[in-house]
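Order of the sequence lines fixes the chain letters, A, B, ..., with proteins taken first and strands second; residue numbering starts at 1 for each chain. For the numbers below, each heavy atom of this structure counts, side chains included, while hydrogens, waters and symmetry mates do not.
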Protein chains: 2
Amino acid sequence: MELYQLRSFVAVADERHFGRAANRLHLSAAPVSRAVRALEAEIGSTLFVRGAGEVRLIEVGAALHKRAAEILRNAESFGQYARELRAAPRGPTLGGTI
Amino acid sequence: MELYQLRSFVAVADERHFGRAANRLHLSAAPVSRAVRALEAEIGSTLFVRGAGEVRLIEVGAALHKRAAEILRNAESFGQYARELRAAPRGPTLGGTI
DNA sequence: AATGCTTACGGGTCACGTAATGATT
DNA sequence: AATCATTACGTGACCCGTAAGCATT
């Protein structure tokens, strides 16, 4: 499992549409579909029902959506925090000079 | 930023040694070094001091280590939770039949 | 000289985009 | 017919391992 798969999963879950999810990720629809398929294969269960002109989360997918979104938020927060620390890299190295 | 980079970062931080981190990840030392280097480049700051026969986290690295480990734990938990849900996929689809 | 991190190099995997296909309205 | 997800196909990026380089002890 990799973050790019979770990004596609969450984007589709939010947009309820593979095309819009792809636009949001600056990708074409094909890799988004593949990423979700790969995640579903790894999990062993589908996450969406595709049909009726709508993409909808099934129960398993809805439960995992919250967790996936949390992981992505943490990952984004990680990068943001890192940049903040870089802006203020005051203080000695851990354990003193090496 | 991708999970494989965080895996290398956390492994090196835990082991304080690129070689042992590589063994733990079933990789050679080279890709571990590259993954950490890439993360450091993306962040804009080094994370370790290499030298004196020891690898040690600097302050920035220590702060990010905790966050990175948490992300990896969440990612692992995600997979585990997914398998649990697959084992008991009872219940209707969200919003009823499509 | 020995240990260990890093960089160079070549190869194989895989994620991407375009285009064709299938399914549904 | 139109829309949309999926699959096929070729290409480019990139991650990996091996090997050479460099620093420190």
**Request:** Take the protein atom CD of E15(A) and the nucleotide atom P of dA5(D), then report the distance between them rounded to whole Å.
**Result:** 11 Å

**Asked** Would you call R73(A) and E76(A) a salt bridge, taking side-chain N to carboxylate O under 4.0 Å as the test?
**Response** no

**Message:** Measuring only between side-chain heavy atoms, which start at C-beta, is N23(B) closer than 4.5 Å to E15(B)?
**Reply:** no

**Prompt:** Y4(A) side chain: which of dA15(C), dC16(C), dC15(D) is closest?
**Reply:** dA15(C)

**Asked** What's the closest nucleotide to the H17(B) side chain, out of dC16(C), dA19(D), dG4(C)?
**Response** dG4(C)

**Fill in**
Checking dC16(D), dG17(C), dT6(C) against the side chain of R34(B) (C-beta onward), the nearest is dC16(D)

**Complete:** In whole angstroms, the gap separating C1' of dT6(C) from CD of E40(B) amounts to 12 Å

**Prompt:** Quick one: H26(B) NE2 to dG17(D) P, roughly how many Å, whole number?
**Reply:** 12 Å

**Message:** Output the rounded distance in Å from CG (L27(B)) to C1' (dC14(D)).
**Reply:** 14 Å

**Asked** Would a distance-only check, ignoring hydrogens and angles, find a side-chain to backbone donor-acceptor pair under 3.5 Å from E2(B) to E2(A)?
**Response** no

**Item:** Rounded distance in Å - CZ (F18(B)) to P (dT24(D))
**Value:** 15 Å

**Prompt:** For Q5(A) and A29(A), take the nucleotide of DNA chain C holding the closest heavy atom to each; which residue's nucleotide lies nearer the 5' end?
**Reply:** Q5(A)

**Prompt:** What's the CD-P distance between E2(B) and dC14(C), to the nearest Å?
**Reply:** 15 Å

**Prompt:** Nearest-Å distance, CG (N23(A)) to P (dC4(D))?
**Reply:** 11 Å

**Asked** Within this structure, what is the CZ-to-C1' distance between R37(B) and dC15(D), rounded to whole angstrom?
**Response** 18 Å

**Message:** Please confirm whether the shortest side-chain N or O distance from S33(A) to OP1 or OP2 of dT6(D) is below 4.0 Å.
**Reply:** yes

**Message:** Nearest to the side chain of S28(A), heavy atoms from C-beta on, is which of dA5(D), dT18(C), dT7(C)?
**Reply:** dT18(C)

**Asked** Is there side-chain contact between D14(A) and H65(A), with heavy atoms separated by less than 4.5 Å?
**Response** yes

**Asked** Base, sugar-phosphate alone, or nothing: which one does G19(B) contact when heavy atoms must sit under 4.0 Å apart?
**Response** sugar-phosphate

**Asked** Is any side-chain N or O of R50(B) closer than 4.0 Å to OP1 or OP2 of dA23(D)?
**Response** no

**Asked** If you take all heavy atoms of R7(B) and L25(B), which pair is closest and at what distance?
**Response** O-CD1, 3.9 Å

**Message:** Quick check for you: among dG17(D), dT6(C), dC5(C), whose closest atom lies nearest to any side-chain atom of P31(B)?
**Reply:** dG17(D)

